Amino acid sequence: MSDAQSPAPAPGATPAWTERLDHGRFAGKTVIVTGAGSGIGRATASRIAREGGRVIAVDVSQERLDEFVAAHSGSDVEALVADITDDEAVARIIATAGDVIDGLANIAGIMDDMTPVAEMSDAVWQRVFRVNVDGTMKLMRAAIPVMLTTGRGSIVNTASEAALRGSAAGAAYTASKHAVVGLTKSTAFMYGPAGLRVNAVAPGPVITNIQATFGSPLGAERVQRAMALLPTPVEADALAASITFLLSDDGVNVNGAILASDGGWSAA
Ligand SMILES: NC(=O)c1ccc[n+]([C@@H]2O[C@H](COP(=O)([O-])OP(=O)(O)OC[C@H]3O[C@@H](n4cnc5c(N)ncnc54)[C@H](O)[C@@H]3O)[C@@H](O)[C@H]2O)c1
């Protein structure tokens, strides 16, 4: 059925969409993808691999990476169990990628427990910042010198709806994703003239394995109220479509952008 004949989606429903591969889009390119064992990272790593790229698939979970590799036999995938908060592990990721790094998709991240700042524990704050901010920064810091040697490279970081508003999560996650936006824009500004592009996606709700807990009655009440306008969660493939666009050469003129991939939630 052509688009012209498709029935209009019900109000609030996500329009039907089928992934269409752009074969060879990543041929000859090496792309590091963190969080490749699950959710948005897995979908992105998968799409790059199926479009001909060499994927350095990074996750802390051996089991998830084993499953990913088994599902992509015949593709050029090197799986690496590595924690992005660990400098030695980051060095291993860069060494595995080799002399040319065409893309870096910083997708690994964790949620908080929706706690407002007055109830914040140091443990939650530090854990969320360590993964979402320190991990993202450490990989950028390590990959950019390699990208500068070839004068090209595309980095896509993962922000969130929580980077655009105060009502989508607790204080730690919200602040960490705002920090990802700052890192993205600063790096785009600094290295744009050297040929690098640095952008971020801000996903709305996506069906993945991410764990969101409610550790505070106030946080639960406030965030759940704001979720009344939540769009229908989408499959991770829909985010991979946005991320691979920014990673690919089709993103040629896009640098320092924060692309809301949220079905329009941020426009509400
Ligand atoms: N799912 C959503 O609705 C949503 C919305 C907005 C933003 N995001 C962001 O998208 C990104 C991916 O989330 P997801 O929903 O796909 O989650 P997910 O939990 O399904 O996948 C995240 C993966 O990252 C890995 N990981 C966690 N910490 C790591 C570390 N220190 N080093 C290496 N790997 C690590 C996990 O093992 C997991 O496989 C995150 O940055 C998240 O904040 C998700």
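Along the sequence shown, residues are numbered consecutively beginning with 1. Computed from a predicted model, the values in this text were never measured in an experiment. Counting starts at 1 for both ligands and their atoms, following the listed order.
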(Q) Thr85 versus ligand 1: do any nitrogen or oxygen atoms come within less than 3.5 Å of each other? (A) no
Q: Return a yes/no value for Ile40: is any of its N or O atoms, backbone included, closer than 3.5 angstrom to an N or O of ligand 1?
A: yes
Q: Any atoms of ligand 1 less than 4.0 Å from a non-hydrogen atom of Gly39? List them with their elements.
A: 16 (O), 20 (O)
**Q.** Closest non-hydrogen atom pair between Asn106 and Met140, with its separation
**A.** ND2-CG, 3.6 Å
Q) Do Asn157 and Thr184 have side-chain N/O donor and acceptor atoms under 3.5 Å apart? A) yes
Q) Considering only protein heavy atoms, which is closest to atom 6 (C) of ligand 1, and at what distance to one decimal place? A) Pro203 O, 3.4 Å
Q. Numbering the atoms of ligand 1 from 1, which are under 4.0 Å from a heavy atom of Asn209?
A. 19 (O), 20 (O)
Q | Residue selection (non-hydrogen contact nearest atom 4 (C) of ligand 1) among Gly204, Gly37, Ser160 | A | Gly204
Q | Identity and separation of the nearest protein heavy atom to atom 40 (C) of ligand 1 | A | Ile107 O, 3.2 Å
Q: Inspect the surroundings of CE in Met190 and state if more than 12 heavy atoms from other residues, nucleotides or ligands are less than 6.0 Å away.
A: no
Q) Nearest protein heavy atom to atom 18 (P) of ligand 1, by residue and atom, and its distance? A) Ser38 OG, 3.6 Å
Q) Just distances here: any N/O of Ile84 and N/O of ligand 1 closer than 3.5 Å? A) yes
Q) Which protein heavy atom lies closest to atom 13 (O) of ligand 1, and at what distance to 0.1 Å? A) Ile210 CD1, 3.9 Å
**Q.** Pair Met147-Arg152, side-chain contact (heavy atoms from CB on, under 4.5 Å): steps then yes or no
**A.** CA-CA 6 Å; Met147 291 177 167; Arg152 64 170 200 276; over 6 Å; no
Q | Ile110-ligand 1 polar pair, N/O distance under 3.5 Å | A | no
Q) Has ligand 1 got any nitrogen or oxygen that is less than 3.5 angstrom from a nitrogen or oxygen of Gly35? A) no
(Q) Using side-chain heavy atoms (C-beta onward) and a distance below 4.5 Å, is Ile144 in contact with Tyr191? (A) yes
Q.
Is there a polar contact between ligand 1 and Glu161, counting only N or O atoms under 3.5 Å apart?
A. no
(Q) Below 4.0 Å, non-hydrogen atoms only: which portion of Ala108 touches ligand 1? Side chain, backbone, both or neither. (A) both
Q: Please could you name the atoms of ligand 1 that Asp83 approaches to less than 4.0 Å, counting only its heavy atoms?
A: 30 (C), 31 (N), 32 (N)
Q: Using distance alone, determine whether Thr208 and ligand 1 share an N or O pair under 3.5 Å.
A: yes
**Q.** Donor + acceptor pair across side chains of Arg25, Thr244 (<3.5 Å)
**A.** yes
Q) For Thr34, is the nearest heavy atom under 4.0 Å from an atom of ligand 1? A) no
Q: Using a 4.0 Å heavy-atom threshold (strictly under), name the region of Arg64 that reaches ligand 1: side chain, backbone, both or neither.
A: side chain
Q) Near Gly109, which atoms of ligand 1 are under 4.0 Å from a heavy atom of that residue? A) 40 (C), 41 (O)
(Q) Give me the nearest non-hydrogen protein atom to atom 39 (O) of ligand 1 as residue plus atom name, then the distance to 0.1 Å. (A) Asp59 OD2, 2.7 Å
(Q) Please confirm whether Thr158 approaches ligand 1 to less than 4.0 Å, judged on its heavy atoms. (A) yes
Less than 3.5 Å apart, which donor and acceptor atoms pair up between the side chains of residues 33-40 and the rest of the protein, not counting sequence neighbours?
residue	atom	partner	partner atom	Å
Thr34	OG1	Ile107	N	2.8
Thr34	OG1	Ala108	N	2.9
Ser38	OG	Asn209	ND2	2.9

(Q) As an exercise, identify every atom of ligand 1 less than 4.0 angstrom from a heavy atom of Tyr173. (A) 6 (C), 7 (C), 8 (N), 9 (C), 42 (C), 43 (O)
Q) What pair of heavy atoms forms the shortest contact from Ile56 to Leu80, and how long is it? A) CG2-CD2, 4.4 Å
Q) Would you say ligand 1 has an N or O under 3.5 Å from any N or O of Lys177? A) yes
Q. Under 3.5 Å between some N or O of ligand 1 and some N or O of Asn132?
A. no
Q. Ligand 1 versus Ala82, non-hydrogen atoms closer than 4.0 Å: side chain, backbone, both, neither?
A. backbone
Q.
Heavy-atom distances under 4.0 Å decide this one: backbone, side chain, both or neither, for Ala159 against ligand 1?
A. backbone
Q) Counting N and O atoms only, with roles assigned by atom type, does the side chain of Ser176 sit under 3.5 Å from a partner on the main chain of Tyr173, one being a donor and the other an acceptor? A) yes
Q: State, without any angle test, whether Ser46 and Arg50 hold a side-chain donor-acceptor pair at a distance under 3.5 Å.
A: yes
Q. So, Lys177 and Glu161, do they make that salt bridge, N to O below 4.0 Å?
A. no
**Q.** Ligand-side contact atoms (ligand 1) for residue partner Pro205, heavy atom cut-off under 4.0 Å
**A.** 3 (O)
Q: Take Asp83 and Thr85, measure what side chain to side chain donor-acceptor pair (under 3.5 Å) needs, and give me the verdict at the end.
A: CA-CA 5 Å; Asp83 183 335; Thr85 69; 2.8 Å; yes
Q: Let me see the working for Ser216 and Glu119 under side chain to side chain donor-acceptor pair (under 3.5 Å), right down to the final yes or no.
A: CA-CA 8 Å; Ser216 151; Glu119 301 170 38; 2.9 Å; yes
Q.
Between Lys29 and Glu51 (salt bridge meaning N to carboxylate O under 4.0 Å), is one present in this structure?
A. no
Q | salt bridge (Lys or Arg N to Asp or Glu O under 4.0 Å) against Asp87, all qualifying residues, sequence neighbours excluded | A | Lys138, Arg141
